[in-house]
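Each remark here refers to the structure printed beneath this line.
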There are 2 protein chains.
Amino acid sequence: MNFQQLRYIRAALQNDLNLTKVASELFTSQSGVSKQIKELEAELRIEIFVRRGKRLVDLTEAGRSAAPVIERLLQEAENLKRLSEQFVQADKGRLIIATTHNQANYVLPQVLVSFSHEFPEVDVELRQGSPGLVVDMLLRGEADLGIATEAIDGKAGLRSFPCFSWEHVAIVPHGHPLAGQEGTTLTDIAEYPIITYTPEFTGRSNIDAAFERAGLHPDIRLAAVDADVIKTYVQLGMGVGIVAQMVVENGSDQAFATVPGSNRFFAPSTTKIAIAEGALLRNYAYRLIQILAPHLDERTVKGARQVEASREATALLPFAARHDLRIRDARRHPAIDNRPQKTAAV
Amino acid sequence: MNFQQLRYIRAALQNDLNLTKVASELFTSQSGVSKQIKELEAELRIEIFVRRGKRLVDLTEAGRSAAPVIERLLQEAENLKRLSEQFVQADKGRLIIATTHNQANYVLPQVLVSFSHEFPEVDVELRQGSPGLVVDMLLRGEADLGIATEAIDGKAGLRSFPCFSWEHVAIVPHGHPLAGQEGTTLTDIAEYPIITYTPEFTGRSNIDAAFERAGLHPDIRLAAVDADVIKTYVQLGMGVGIVAQMVVENGSDQAFATVPGSNRFFAPSTTKIAIAEGALLRNYAYRLIQILAPHLDERTVKGARQVEASREATALLPFAARHDLRIRDARRHPAIDNRPQKTAAV
DNA sequence: TATCCTTACGGAATTCGTAAGCATG
DNA sequence: CATGCTTACGAATTCCGTAAGGATA
């Protein structure tokens with residue numbers, strides 16, 4: 001048994017049992033892949049794959065129970081490598097963050113500026129996609145951290161931690177009848193076409209729930225995966241936009257008016273950060289978690305067992321309150337950009 | 001990185017960092033061991049061992065954090081092998097039980113008769129030793145199951161499950177003044193020299209505690225690791241023996257009288273069964289656990305997470321009540337010896 | 001001096017990749 | 001007939017063990 005064999009099998013599982021693809025993905029010959037897999041099967045005296053003629057078509061029962069063990073083996077091997085990198089150069093390396101547009105564009109900028117001042121030798125890579133993709137990338141080991149509001153909570157194979165809570169707000173162009181209009185109700189908003197997120201994205205479920213609760217059936221004229229698109233169409237006068245609070249607070253332009261009090265219509269959403277279960281992270285990854293979720297202590301993040309307990313016990317910071325924290329934090333690192341954050345009215 | 005390298009490192013940790021010993025233990029040359037270890041260190045670009053001149057004298061910090069990962073890797077590799085054996089021939093293989101004399105001689109005989117009728121193709125090996133040794137053998141992966149009363153509870157790296165509870169009784173030769181003497185008190189017993197277990201063995205702590213509570217300072221004339229030795233000296237008239245209940249109930253000879261009611265003097269002890277954390281066991285091993293601790297369900301035993309909860313929630317069977325269970329159980333397996341069990345009076 | 005790790009080096013075993021064979025859809 | 005797994009076989013690499021070298025207690 002060797003790691004190469006295990007890698008081939010995992011890759012086969014991730015590539016529709018197509019050994020040709022596996023070979024090209026791992027830059028080797030498919031004959032080698034085929035042989036190594038057969039060799040492992042012979043050594044263990046089980047068949048892992050069901051073959052029809054000369055094609056792999058399924059996992060055997062034995063293969064099905066071996067798969068998670070193989071997964072863990074490769075995971076631990078990865079951990080050993082990461083662990084050693086930690087000692088070679090603790091503050092140098094790569095950090096891959098899988099996240100959604102909303103987080104990447106409206107939350108992470110400030111965070112990553114601070115982070116990269118603290119760890120100038122760490123190359124940060126942002127991988128952007130749907131919450132579902134974020135989950136997949138974590139599970140496949142293609143990303144170190146995942147940040148999203150949807151889809152990652154309670155996912156098997158992941159450990160997730162709440163970072164902060166936030167609300168949706170309604171935005172309109174300046175001069176719109178609802179602009180600055182105190183006492184606006186959700187019913188008033190529902191009179192206009194709505195432009196908001198696609199289902200599955202950025203707390204969309206909370207938006208739907210709010211209308212449902214009020215017995216309203218709004219005309220969702222356009223749904224987009226990111227707030228920039230939503231803003232574009234709102235600016236064109238196509239309707240009222242409903243976006244995450246941080247879009248308005250952290251966005252660079254002030255081309256919009258928020259509908260006063262509109263945040264109260266929608267239940268708060270919680271942005272979570274997740275890591276693959278059993279994965280060992282570099283110290284700077286833990287530091288980034290700490291920046292994003294200052295209420296968690298490192299032991300909680302590293303220990304798998306206590307997660308459930310802590311999730312209940314720890315009070316979440318609302319998004320707005322985080323500004324202070326971030327700035328205070330930054331002061332501890334002299335090189336950090338210390339300009340005051342924008343504090344848009346919600 | 002390969003498994004051989006990891007095995008060498010683990011063996012080094014278990015052999016005082018003496019690579020010569022490692023080589024002979026693993027039937028290879030020490031030059032090979034040395035080279036493989038250096039090769040892994042080079043690949044990971046860390047030093048795992050502190051060398052003084054040409055001698056390994058300690059683990060580096062990096063080595064200290066790598067060690068548990070290496071341990072897990074080898075554990076999972078073991079698991080993969082076991083898992084495959086499971087599919088090759090589910091009911092054939094080997095089962096190594098580490099246990100103490102008391103369990104081996106007075107509890108396991110009935111259990112193993114039943115077990116080996118059910119699994120005639122499983123070779124059972126009993127490894128006998130002190131409770132501390134039982135723990136070590138489990139942690140080193142040299143035994144599949146550990147059964148003892150002491151030392152295994154709450155040990156890091158082990159998962160333990162209570163099997164049944166039992167009490168100590170006082171035994172005397174027939175014709176002894178206390179034989180059949182109703183109303184005997186602990187004070188009466190303490191008048192005589194006591195012959196019982198060595199500290200650390202078979203619930204000895206409960207015996208000491210009972211005398212302590214009663215403000216008595218008995219003359220422990222002789223302490224032995226096993227009940228057979230105790231019985232020998234009791235028979236010679238050297239004093240009153242205090243032994244585990246099953247010694248009297250399951251022992252073959254009736255050369256002794258128990259002091260009526262003496263079981264009530266001592267707090268009950270609980271025999272536990274333990275397995276190494278993260279170890280995957282063969283199906284028959286789980287079956288043996290089930291025979292020994294019928295109140296546990298298999299999911300509880302296999303799942304690491306729920307152990308703590310179940311330990312509280314599940315009611316323990318007292319030892320005496322287990323006779324019935326064992327017999328009922330046996331009936332489900334026609335080949336099993338069905339003769340009624342001895343039911344000695346306690 | 002006895003013990004013990006490292007290095008050197010030749011032989012053995014394993015792994016790898018090209019090419020050909022053959023089964024499937 | 002295009003795709004895809006298997007087998008064969010020679011080349012490259014890696015692994016292993018003997019033997020010699022050097023360091024420690």
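Below, read A as the first sequence line, B as the second, and so on, with proteins coming before strands; counting in each chain starts at 1.
Salt bridge annotation for B/D58-B/R64: present, with a cationic side-chain nitrogen under 4.0 angstrom from a carboxylate oxygen. Electrostatic pairing of B/R127 and B/E142 does not count as a salt bridge here, judged by no charged N lying under 4.0 Å from a carboxylate O.
Looking at A/E41, its side chain does come within 3.5 Å of a backbone N or O of A/I48 through a donor-acceptor pair.
The distance between atom CD of B/Q4 and atom P of C/dT15, rounded to the nearest whole Å, is 12 Å. Protein atom CZ of A/F27 is 12 Å distant from nucleotide atom P of C/dG17, rounded to whole Å.
With sequence neighbours excluded, the residues satisfying side chain to side chain donor-acceptor pair (under 3.5 Å) with B/E76 are A/R72, B/N79. Applying the side chain to side chain donor-acceptor pair (under 3.5 Å) test to A/T271 and every residue at least two apart in sequence or in another chain returns A/Q103, A/T149, A/W166.
At the heavy-atom level, A/E39 lies under 4.0 Å from the strands shown only through sugar-phosphate atoms. The residue A/N2 sits close only to the backbone: its heavy atoms come under 4.0 Å of sugar-phosphate atoms, none of a base.
Each of A/R282, A/R94, A/R82 was checked for a side chain to side chain contact (heavy atoms under 4.5 Å, CB included) with A/D144, and the lone residue meeting it is A/R82. For the side chain to side chain contact (heavy atoms under 4.5 Å, CB included) with A/Q30, the lone residue among A/V22, A/N18, A/T20 that qualifies is A/T20.
Along DNA chain D, read 5' to 3', the first and last nucleotides having any atom under 4.0 Å from a heavy atom of chain A are D/dT3 to D/dC9.
Counted within 6.0 Å of CD on A/E61, heavy atoms from surrounding residues, nucleotides or ligands total 12 or fewer; the atom is thus considered open.
Each of A/V57 and A/T28 was assigned the nucleotide of DNA chain C with the nearest heavy atom; the assignment lying further toward the 5' end belongs to A/T28. Both A/Q36 and A/R52 lie close to DNA chain C; mapped to their nearest nucleotides by heavy-atom distance, the more 5′-ward contact belongs to A/Q36.
Taken from CG in B/L158 to CG in B/L139, the straight-line distance is 4.5 Å, to the nearest 0.5 Å.
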TODO: Go along nucleotides 4-13 of chain C 5' to 3' and tag each nucleotide: B for a protein heavy atom under 4.0 Å from its base, S when only backbone or sugar atoms are that close, - otherwise.
DONE: SBBB-B----

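If one axis is set at each end of the helix from C/dT1-D/dA25 to C/dG25-D/dC1 from five pairs, those axes are 40° apart, to 10°.
Residues in residues 5-62 of chain A take part in no ring-ring contact (aromatic ring centres under 6.0 Å, His included) pair, two or more places apart or across chains.
Checking B/D226 against B/N105 by side-chain atom types alone, no donor-acceptor pair falls below 3.5 Å.
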